[in-house]
Amino acid sequence: MNVKSVGWLSYALAGAVLLFAFSAVGCQTLMASRNSGEMSASTEASEFEPTPDPYYHYLLSELAAEKGDTEAADEQLEQAIDLDENSSFLEIELAGRLWRKGDVEGTLQHALAAVRKNPKDIKARLFLAGFYTTQRDNDKALAQYEQILQQDPNQREALLFAANRYQEEGNYDRAIELLTRLAAAHPDDLAGPYSLARIYLHLKNYDKAEANLERVLQIRPGFGPAELDLAEVYSETGRFDQAEKLFKSMIESNPRQFQGYLSLGELYLKAGREKDADDVFKRLKIVSQDSIEIRKKIAIELFQYKKYDKAEQELSGVVEDAPDDYEARLFLAAVLEAKGSFAEAEKMYKSIPEDSPAYLNARLELGSLLDKQGKTDEAEALFRESIEAMPNAVKLYLGLAYMLVDRGRYQDALAVLEQGLNANPDNIDLLFQVGMTYDKMKEYEKSLKPMKRILELEPDNANALNFIGYTYADNGVKLDEAQSLIEKALKLSPNSGFIIDSLGWVYYKKGDYNNALKYLKHAFELLPSDPIIAEHLGDAYLALNQLESALKAYEKSLELDKENRDQVQKKIDDLKLRLNQQPKN
């Protein structure tokens, strides 16, 4: 079954939208709206009778808020709203306060009321869009941003935040269009060109990334993040000398630019200049006054480039200087494991105490290490002992289940997962693994039941949507429903190679081989080390009679997974026979 966990989402900008929406206005807005007639008393007042005034209650609300009496503040604000039923500003003020208190339902109610009262209130729509973003409802957030852009095509925040949402959905063309407009409308604002540069970096379009980064540095010379990204462009395009020069310039202009040292060290490691990397890291430790965090980051760089001995030396020093840094112990154990020092790795994992936040991961890694060494019984005993001590630790049930599935002990794995669900009812990860285990057993009907339960709990769970759709497609049933499910999953996770493969496989099963090839090629570009996607690609080429391309794809699939691949070997043998029987030109 070609299904793996799909993950892809950041919502940091949402909070900024909310903050902007209700803090960018103040008493001046209220007074202006009052003076212009937006806030009007319901009844005319005589010069002798006091008239209920929304502004009066708003000021009382502000005073109560300053004193920390949030209940009184909200009460006064609600009275102001009752007296001026047309004020979108007051609605957003109250929505903002309710948001800070964690009242999600109340926040939405008043944000919607603000937009309903004044559809042209851009700040109200920005607030509502930010709210939807925090609730992971991109469609509704984008609808608000697009409404703003119809009213004001160059509104900065709408352009920026809508582009961010489109980028998250994988709609890079629309994101680039909006950011290009932002850069043109606000030429002195680095947000447009810098956001464009980040997208182009992600797309590996280094020429356009470089042009936009240079524009950012014209707007704000010495802007560190842009300099780091530009150096990355130089590195990725083989211009090591320019990358080195830029990193050194950053360090010279700001000796405490620690990321500059780390990136320069990584550049040297990438170029095979290990001694130069050592010198840079040595200087960095001096400048950072032997910061524990910096030493751990240096170890990460060394580990990435398989300099295990040096990574071990760095982390051993950290553990000696900070014996209570259990994350460092966990990392050191992983380094020891990577270099094959299993006994030392075991000892280090076991040194992490039960009351440490790193303890759970230490037990998981220790269990995996024991299993890797063939100590399956010992690993199983460790998992079961840990589960008894931490019955709510879902990762332990999953770790043990994975190990049992790998050993072909499917019923034992299902029993463990059932135990986990008893302790953690309706846990999505456990339900998903139940489905995956039944899939391994080729009991497809049983595999669908937990996936459908996941969709009852989370209708937008891309993994479950993809699993069900792929299962239908692979078995040649309910192909229209399969396509609908997979397309929904793809909308939720547009950059998932596994979901793109599933969509290509649906088209293949429907006999639409051109579309199948289109999606399967894209899936293989994203996941070039997946043997099943390579096999699917070969099937599509074969269906279109592109025999040489089919053979290459099948051979790649076999290269990626030589075990239990009799089916692929047969396809290769049959295809070679066909090619040999073709007349020579």
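For clarity, every value in this text was computed on a predicted model and none was experimentally measured.
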- [ ] List the atom of A379, the atom of M403, and the distance in Å for their closest heavy-atom pair.
- [x] CB-SD, 3.7 Å
- [ ] Considering non-hydrogen atoms only, spot the tightest contact between E346 and L369 and give its length.
- [x] CG-CD2, 3.6 Å
TODO: Show your reasoning for whether salt bridge (Lys or Arg N to Asp or Glu O under 4.0 Å) applies to R165 and D139.
DONE: CA-CA 9 Å; R165 302 275 71 75; D139 288 345; over 6 Å; no
TODO: Decide whether N495 and Y172 meet the rule of one side-chain donor and one side-chain acceptor closer than 3.5 Å.
DONE: yes
Open item on the list: Taking the basic N atoms (NZ, or NE/NH1/NH2) and the acidic carboxylate oxygens, is any pair closer than 4.0 Å for R407 and D371?
Closed with: yes
Open item on the list: Nearest 0.5 Å, please: how far is CD1 in I500 from NE2 in H522?
Closed with: 3.5 Å
Open item on the list: With no hydrogens and no angle check, just 3.5 Å: does a side-chain donor-acceptor pair link Y349 and E337?
Closed with: yes
Open item on the list: Please report the interatomic distance NZ(K491) to CG(D460), rounded to the nearest 0.5 Å.
Closed with: 9.5 Å
Open item on the list: Could you report the tightest heavy-atom contact between L126 and A158, atom names first, then the distance?
Closed with: CD2-N, 4.1 Å
- [ ] Decide whether E210 and Y200 meet the rule of one side-chain donor and one side-chain acceptor closer than 3.5 Å.
- [x] no
Task: Check ion pair K372-E365 (N to O, under 4.0 angstrom) - done: no
- [ ] Determine whether the side chains of N461 and E458 contain a donor N or O and an acceptor N or O closer than 3.5 Å.
- [x] yes
TODO: Show your reasoning for whether salt bridge (Lys or Arg N to Asp or Glu O under 4.0 Å) applies to D321 and R295.
DONE: CA-CA 11 Å; D321 292 343; R295 290 158 69 186; 2.9 Å; yes
Task: Criterion salt bridge (charged side-chain N to carboxylate O under 4.0 Å, His left out) against D189, the qualifying member of R220, R215, R156, R181 - done: R156
Task: Pairs involving residues 277-304, ordered by first then second residue, that meet ring pair (Phe, Tyr, Trp, His ring centres under 6.0 Å) (sequence neighbours left out) - done: F303-Y308, F303-F331
Open item on the list: Distance check, rounded to the nearest 0.5 Å: Y359 atom OH versus L364 atom CG?
Closed with: 10.5 Å
Open item on the list: E344 vs K347, test: salt bridge (Lys or Arg N to Asp or Glu O under 4.0 Å). Steps then yes/no.
Closed with: CA-CA 5 Å; E344 292 178 61; K347 183 178 178 182; over 6 Å; no
Open item on the list: Return the CG to CG distance between D429 and N424, rounded to the nearest 0.5 Å.
Closed with: 10.0 Å
- [ ] Return the set of residues passing ring pair (Phe, Tyr, Trp, His ring centres under 6.0 Å) with F223 (not counting sequence neighbours), or none when no residue passes.
- [x] Y194
Open item on the list: Could you walk me through whether T70 and R97 satisfy the side chain to side chain contact (heavy atoms under 4.5 Å, CB included) test, starting with their C-alpha distance in whole Å, then the side-chain angles of each, then the deciding distance to 0.1 Å, before giving a yes or no?
Closed with: CA-CA 8 Å; T70 57; R97 292 182 186 179; over 6 Å; no
- [ ] Using only heavy-atom distances, determine whether the side chains of E378 and Q373 contain a donor-acceptor pair under 3.5 Å.
- [x] no
TODO: Determine the minimum heavy-atom distance between T133 and A141, stating which atoms define it.
DONE: OG1-CB, 3.5 Å
- [ ] Just jot down the side-chain hydrogen bond (donor to acceptor under 3.5 Å, both in side chains) partners of K297, sequence neighbours excluded, or say none.
- [x] none
Open item on the list: If we ignore hydrogens and angles and just use 3.5 Å, is the side chain of S195 paired with the main-chain N or O of G192 as donor and acceptor?
Closed with: no
- [ ] Evaluate the criterion salt bridge (Lys or Arg N to Asp or Glu O under 4.0 Å) for residue pair E388 and R384; output intermediate values, then yes/no.
- [x] CA-CA 6 Å; E388 188 174 341; R384 293 191 184 279; over 6 Å; no
Open item on the list: Any non-hydrogen side-chain atom of K123 less than 4.5 Å from a side-chain atom of I92?
Closed with: no
- [ ] Might you point out which heavy atoms bring P353 and Y326 nearest each other, and give the distance in Å?
- [x] CD-CE2, 3.3 Å
Open item on the list: Taking NZ in K306 as the centre, count heavy atoms belonging to other residues, nucleotides or ligands within less than 6.0 Å. Is the count above 12?
Closed with: no
Task: Between OG on residue S316 and CE on residue M348, distance to nearest 0.5 Å - done: 6.5 Å
- [ ] Under the side chain to side chain contact (heavy atoms under 4.5 Å, CB included) rule, what do Y397 and L421 come out as? Steps first, then yes or no, please.
- [x] CA-CA 9 Å; Y397 298 100; L421 285 166; over 6 Å; no
TODO: Among K296, K307, K285, find the one that has a side-chain hydrogen bond (donor to acceptor under 3.5 Å, both in side chains) with E314.
DONE: K285
Open item on the list: Salt bridge or not between D278 and R273? Use side-chain N to carboxylate O under 4.0 Å.
Closed with: no
TODO: Decide side chain to side chain donor-acceptor pair (under 3.5 Å) for E244 and Y268; before the verdict, give the C-alpha distance in whole Å, the side-chain angles of both, and the deciding distance to 0.1 Å.
DONE: CA-CA 9 Å; E244 179 183 18; Y268 287 144; 2.6 Å; yes
Open item on the list: Show the nearest heavy-atom pair for residues I428 and I454, with the distance to one decimal.
Closed with: O-CD1, 3.8 Å
Open item on the list: Determine whether E157 and L160 satisfy the following criterion, side chain to side chain contact (heavy atoms under 4.5 Å, CB included), listing intermediate values before the conclusion.
Closed with: CA-CA 5 Å; E157 283 71 27; L160 180 60; 5.8 Å; no
Open item on the list: Could you go through E385 and R363, starting from their C-alpha distance and side-chain angles, then the distance that decides it, and tell me whether this counts as side chain to side chain contact (heavy atoms under 4.5 Å, CB included)?
Closed with: CA-CA 10 Å; E385 174 191 320; R363 301 300 277 179; 3.4 Å; yes
Open item on the list: I'd like to know if K275 and D279 make a salt bridge, using a cut-off of under 4.0 Å between side-chain N and carboxylate O.
Closed with: yes
Open item on the list: Can you tell me how far apart CZ (F247) and CD (E266) are? Round to the nearest 0.5 Å.
Closed with: 8.0 Å
TODO: Determine whether D137 and F131 make a side-chain contact, defined as any pair of heavy atoms from C-beta on separated by less than 4.5 Å.
DONE: no
Task: Polar side chain donor-acceptor pair, Q167 to E169, under 3.5 angstrom - done: no
Open item on the list: Hydrogens and angles aside, do S263 and Q259 bring a side-chain donor and acceptor to less than 3.5 Å of each other?
Closed with: yes
